[in-house]
Amino acid sequence: DVQLQASGGGLVQAGGSLRLSCAASGFTFDDYAISWFRQAPGKEREGVSCITISDSTTYYKDSMKGRFTISSDNAKNTVYLQMYSLKPEDTAVYYCAADKMYGSSQCRPIDYIMDYWGKGTLVTVSS
């Protein structure tokens with residue numbers, strides 16, 4: 001069975017850091033890109049970042065550049081999202097998802113192209 005397990009969420013003060021993990025199983029990890037999405041209360045889900053596993057090509061939404069870093073540990077089939085300088089507006093449920101890459105190395109965190117989704121992990125940033 002395909003599984004994407006997001007973890008690492010919690011309560012943090014503004015300016016703090018958190019590292020989220022997404023552990024994948026049940027598919028060929030190297031053939032996919034892993035994306036992070038988030039959904040804040042009352043808002044639509046938005047793509048945050050993604051990484052193409054085969055060559056570690058990354059993408060960040062503009063507002064996350066410089067504050068978030070995505071990486072992968074292919075030996076563990078795990079993708080990480082390191083978040084720095086967190087703001088109250090970063091409060092959301094964070095989800096990881098996977099989409100198969102066909103030839104192109106540039107991933108995009110677009111929800112309707114995702115093949116698999118994990119359950120979310122809640123990040124709460126207090127002011």
Side-chain angles (χ1 to χ4, degrees):
D1 289 351
V2 171
Q3 288 194 359
L4 289 168
Q5 182 65 53
S7 62
L11 174 64
V12 63
Q13 288 189 331
S17 301
L18 273 178
R19 189 179 78 161
L20 306 182
S21 300
C22 176
S25 62
F27 59 93
T28 305
F29 194 60
D30 288 358
D31 290 346
Y32 283 74
I34 303 295
S35 294
W36 284 97
F37 295 81
R38 69 183 186 184
Q39 187 164 22
K43 295 188 177 181
E44 291 188 356
R45 185 167 57 195
E46 64 174 341
V48 172
S49 180
C50 61
I51 184 167
T52 301
I53 300 304
S54 61
D55 63 6
S56 299
T57 302
T58 60
Y59 171 89
Y60 298 92
K61 186 173 181 179
D62 284 346
S63 56
M64 284 71 176
K65 287 180 180 177
R67 294 196 304 124
F68 291 7
T69 301
I70 192 168
S71 62
S72 68
D73 183 337
N74 294 5
K76 296 181 178 179
N77 282 13
T78 299
V79 168
Y80 303 99
L81 185 69
Q82 178 70 55
M83 304 184 293
Y84 303 96
S85 302
L86 284 163
K87 308 173 183 180
E89 51 264 43
D90 293 317
T91 294
V93 177
Y94 285 71
Y95 301 88
C96 59
D99 71 293
K100 193 166 185 178
M101 301 299 289
Y102 297 93
S104 171
S105 65
Q106 183 57 68
C107 59
R108 285 286 187 269
I110 300 172
D111 54 7
Y112 60 79
I113 68 173
M114 296 296 123
D115 297 308
Y116 307 118
W117 288 87
K119 294 182 180 179
T121 186
L122 176 63
V123 173
T124 304
V125 184
S126 63
S127 56

Next on the checklist: K119: which residues meet the salt bridge (Lys or Arg N to Asp or Glu O under 4.0 Å) condition with it, sequence neighbours left out?
Outcome noted: none
Enumerate, atom names and distances included, each donor-acceptor pair closer than 3.5 Å involving a side-chain atom of residues 7-22, sequence neighbours excluded.
none

Next on the checklist: Looking at every non-hydrogen atom in both residues, tell me the closest pair between L122 and A92 and how far apart they are.
Outcome noted: CD1-O, 3.6 Å
Checklist entry - Quick one: ring-ring contact (aromatic ring centres under 6.0 Å, His included) pairs with a partner in residues 6-25, sequence neighbours left out? => result none
Checklist entry - Of all heavy-atom pairs between S35 and P109, which one has the smallest distance, and what is that distance? => result OG-CA, 3.6 Å
Checklist outcome for this item: For S72, the side-chain hydrogen bond (donor to acceptor under 3.5 Å, both in side chains) test, sequence neighbours excluded, returns N74
Item to check | Qualifying disulfide (SG to SG under 2.5 Å) pairs with a residue from residues 58-95, counting only residues at least two apart or across chains | outcome: none
Checklist outcome for this item: Sorted by chain and residue number, the side-chain hydrogen bond (donor to acceptor under 3.5 Å, both in side chains) partners of K76 (sequence neighbours excluded) come out as none
Next on the checklist: My understanding is that only residues two or more places apart in sequence, or in another chain, count here; which of them pass side-chain hydrogen bond (donor to acceptor under 3.5 Å, both in side chains) with D1?
Outcome noted: none
Checklist entry - Rounded to the nearest 0.5 Å, how far does CH2 of W117 lie from CG of D99? => result 10.0 Å
Checklist entry - disulfide (SG to SG under 2.5 Å): which pairs involve residues 55-86, sequence neighbours left out? => result none
Checklist entry - Which is it for M114 and Y112 under the side chain to side chain contact (heavy atoms under 4.5 Å, CB included) test, yes or no, and what are the steps along the way? => result CA-CA 6 Å; M114 296 296 123; Y112 60 79; over 6 Å; no
Item to check | Y102: hydrophobic cluster co-members (side-chain, 4.5 Å) | outcome: none
Next on the checklist: Check for me, please, whether Y116 and V79 land in the same ILVMFWY cluster - side-chain distances under 4.5 Å, paths through other members count.
Outcome noted: yes
Next on the checklist: Which heavy atom of F27 sits nearest to which heavy atom of A98, and what is that distance?
Outcome noted: CZ-CB, 3.9 Å
Checklist entry - Do you know which two heavy atoms are closest between F29 and T78, and how far apart they sit? => result CZ-N, 3.7 Å
Contacts under 3.5 angstrom, residues 37-57 side chains, donor-acceptor by atom type, not counting sequence neighbours:
residue : atom : partner : partner atom : Å
R38     : NE   : E46     : OE2          : 2.6
R38     : NH1  : D90     : OD1          : 2.8
R38     : NH1  : Y94     : OH           : 2.9
R38     : NH2  : E46     : OE2          : 3.1
Q39     : NE2  : K43     : O            : 3.1
E46     : OE1  : K61     : NZ           : 2.3
S49     : OG   : Y59     : O            : 2.8
T52     : OG1  : S105    : O            : 2.6
D55     : OD1  : T57     : N            : 3.0
D55     : OD1  : T57     : OG1          : 2.8
D55     : OD2  : T57     : OG1          : 3.1
D55     : OD2  : S105    : OG           : 3.4

Item to check | Any side-chain heavy-atom pair of D115 and Y32 under 4.5 Å | outcome: yes
Checklist entry - Is atom CD of Q5 surrounded by more than 12 heavy atoms (other residues, nucleotides or ligands) closer than 6.0 Å? => result no
Item to check | Nearest non-hydrogen partners of D73 and Y80, listed with the distance | outcome: CB-CE1, 3.9 Å
Next on the checklist: Does V123 form a side chain to side chain contact (heavy atoms under 4.5 Å, CB included) with M83? I'd like the steps, not just the answer.
Outcome noted: CA-CA 10 Å; V123 173; M83 304 184 293; 4.0 Å; yes
Checklist entry - Does the side chain of T91 come within less than 4.5 Å of E89's, by heavy atoms? => result no
Item to check | Gap separating the CD1 atom of I113 from the NZ atom of K100, nearest 0.5 angstrom | outcome: 14.5 Å
Checklist entry - Is L86 reachable from M64 through a run of I, L, V, M, F, W or Y residues, each pair having side-chain heavy atoms under 4.5 Å apart? => result yes
Next on the checklist: Are F68 and Y60, when compared by the centres of their aromatic rings, separated by less than 6.0 Å?
Outcome noted: no
Checklist entry - For the atom pair CG (L81) and CD1 (I34), what is the distance rounded to the nearest 0.5 Å? => result 12.5 Å
Checklist entry - Do other residues, nucleotides or ligands put more than 12 heavy atoms under 6.0 Å from Q106 CD? => result yes
